[in-house]
Amino acid sequence: MTDHMIDSTLSELERYYDTVPRVGGARAEDFGPLTLFVQEGQGWQYYARPALGGSGDATAEDVQRVLSRQRELGVPEAFEWVAETSPSLRASVEAAGLYVHAHPLMVLEGAEEPPPHPEVRLVGPEDPLLPAAVTVPALAFSDPGTALGEAGPAELAAALADPSVETRRAHVSGMLTSGRTGMAAAVRGGVVLCSGQYNPVGDVAEVVGVGTLPSARRQGLALGVTAALVVEARARGARTVFLSAGDEDVARIYGRIGFRRVATALIAEPPAGAA
């Protein structure tokens, strides 16, 4: 991918990042060089990010104003942006006391479809496995990384007893019905071992929330789920498919099916243990 193509893609992703909260039910609050997206109903709690097409760099004082508003609203104190597009923002959020996580930002190259995995299938809005499919990523992300872990089918069964699962199931079911998301899962013996989603906006789709039960890692399930999501997103008209990898090790895995790093996605939040 040439430098010109990367610049064009990053501009496309900026428009996506600004649009997806709006179509997801969030309102946008203007803070000059920053925009805060606030979810007005059930659903994903969004972030603050650089204003689309904004002029001027955000200062630490701008970041503090947004943080104060997030605290007032009781929403997560979170900022998300692309390092190469807004290079000065990291210094401002760090000066405001936030911790910054960096993630490889990757775009799918080539037209060849990745091979299917025999245990992976799409999940629909009325699928009986949908509750498990929306629960598995939470168990995965509570034990991050690619190493084998303890949580498995027994822990999944226990997690499914939580009443909040029905709220999440209903929300994702509605998104699936409306076409605002697509979902795939790796299923073995009737148990969901890995799942993930893609969220389309126009002809751009982001693969999100791909997580494997820690005890089922290192079997190619996440790659199989991602491949199924890519095929489905393209079948529904996506021209650009992208994702943010958890770390460099995960990025190398996604590279096997054609994803290439184009930039760095940054996420800022209060340091662990901060009140």
Legend entry - Pairing residues for Glu269 by the salt bridge (charged side-chain N to carboxylate O under 4.0 Å, His left out) criterion, not counting sequence neighbours: none
Inset, instruction - May I ask you to decide if Met5's main-chain N or O and Thr2's side chain share a donor-acceptor pair within less than 3.5 Å? - result: yes
Legend entry - Where at least one partner belongs to residues 89-128, residue pairs that pass ring-ring contact (aromatic ring centres under 6.0 Å, His included), sequence neighbours excluded: Tyr99-His101
Legend entry - Nearest-0.5 Å distance that lies between atom OH in Tyr46 and atom CZ in Phe37: 9.5 Å
Inset, instruction - If a pair satisfies side chain to side chain donor-acceptor pair (under 3.5 Å) and one of its residues is in residues 222-242, list it, with sequence neighbours excluded. - result: Glu12-Arg239, Glu12-Thr240, Tyr198-Arg236, Asp203-Arg239
Considering only distance and modelled atom types, tabulate donor-acceptor pairs under 3.5 Å from the side chains of residues 157-166, sequence neighbours left out.
residue	atom	partner	partner atom	Å
Asp162	OD1	Ser164	N	2.8
Asp162	OD1	Ser164	OG	2.9
Ser164	OG	Arg168	NH1	3.2
Glu166	OE1	Arg169	NE	2.9
Glu166	OE2	Arg169	NE	3.4
Glu166	OE2	Arg169	NH2	2.9

Inset, instruction - Applying side chain to side chain donor-acceptor pair (under 3.5 Å), name anything that partners Gln70, two or more places apart in sequence or on another chain. - result: none
Legend entry - By side chain to side chain donor-acceptor pair (under 3.5 Å) - contacts of Gln45 (at least two apart): none
For residues 133-151, which side-chain donor-acceptor pairs fall under 3.5 Å, sequence neighbours excluded?
residue	atom	partner	partner atom	Å
Thr135	OG1	Pro131	O	2.7
Ser142	OG	Leu139	O	2.8

Inset, instruction - Would you please say whether a donor-acceptor pair under 3.5 Å links the side chains of Thr177 and Arg180? - result: no
Legend entry - Results of side chain to side chain contact (heavy atoms under 4.5 Å, CB included) for Arg90 - residues two or more places apart only: Trp81, Glu94, Val100, Leu266
Inset, instruction - Kindly state each residue pair satisfying side chain to side chain donor-acceptor pair (under 3.5 Å) with at least one member in residues 21-41, sequence neighbours excluded. - result: Asp18-Arg22, Arg27-Glu29, Arg27-Glu40, Glu29-Arg69
Legend entry - Hydrophobic cluster partners of Leu52 (side-chain heavy atoms under 4.5 Å): none
Inset, instruction - Determine whether Leu89 and Val63 make a side-chain contact, defined as any pair of heavy atoms from C-beta on separated by less than 4.5 Å. - result: yes
Inset, instruction - Could you list the residues that satisfy side chain to side chain contact (heavy atoms under 4.5 Å, CB included) with Val201, not counting sequence neighbours? - result: Tyr16, Thr19, Val20, Val23
Inset, instruction - Please list all pairs passing the side chain to side chain donor-acceptor pair (under 3.5 Å) test where one or both residues lie in residues 209-219, with sequence neighbours left out. - result: Arg188-Gln219
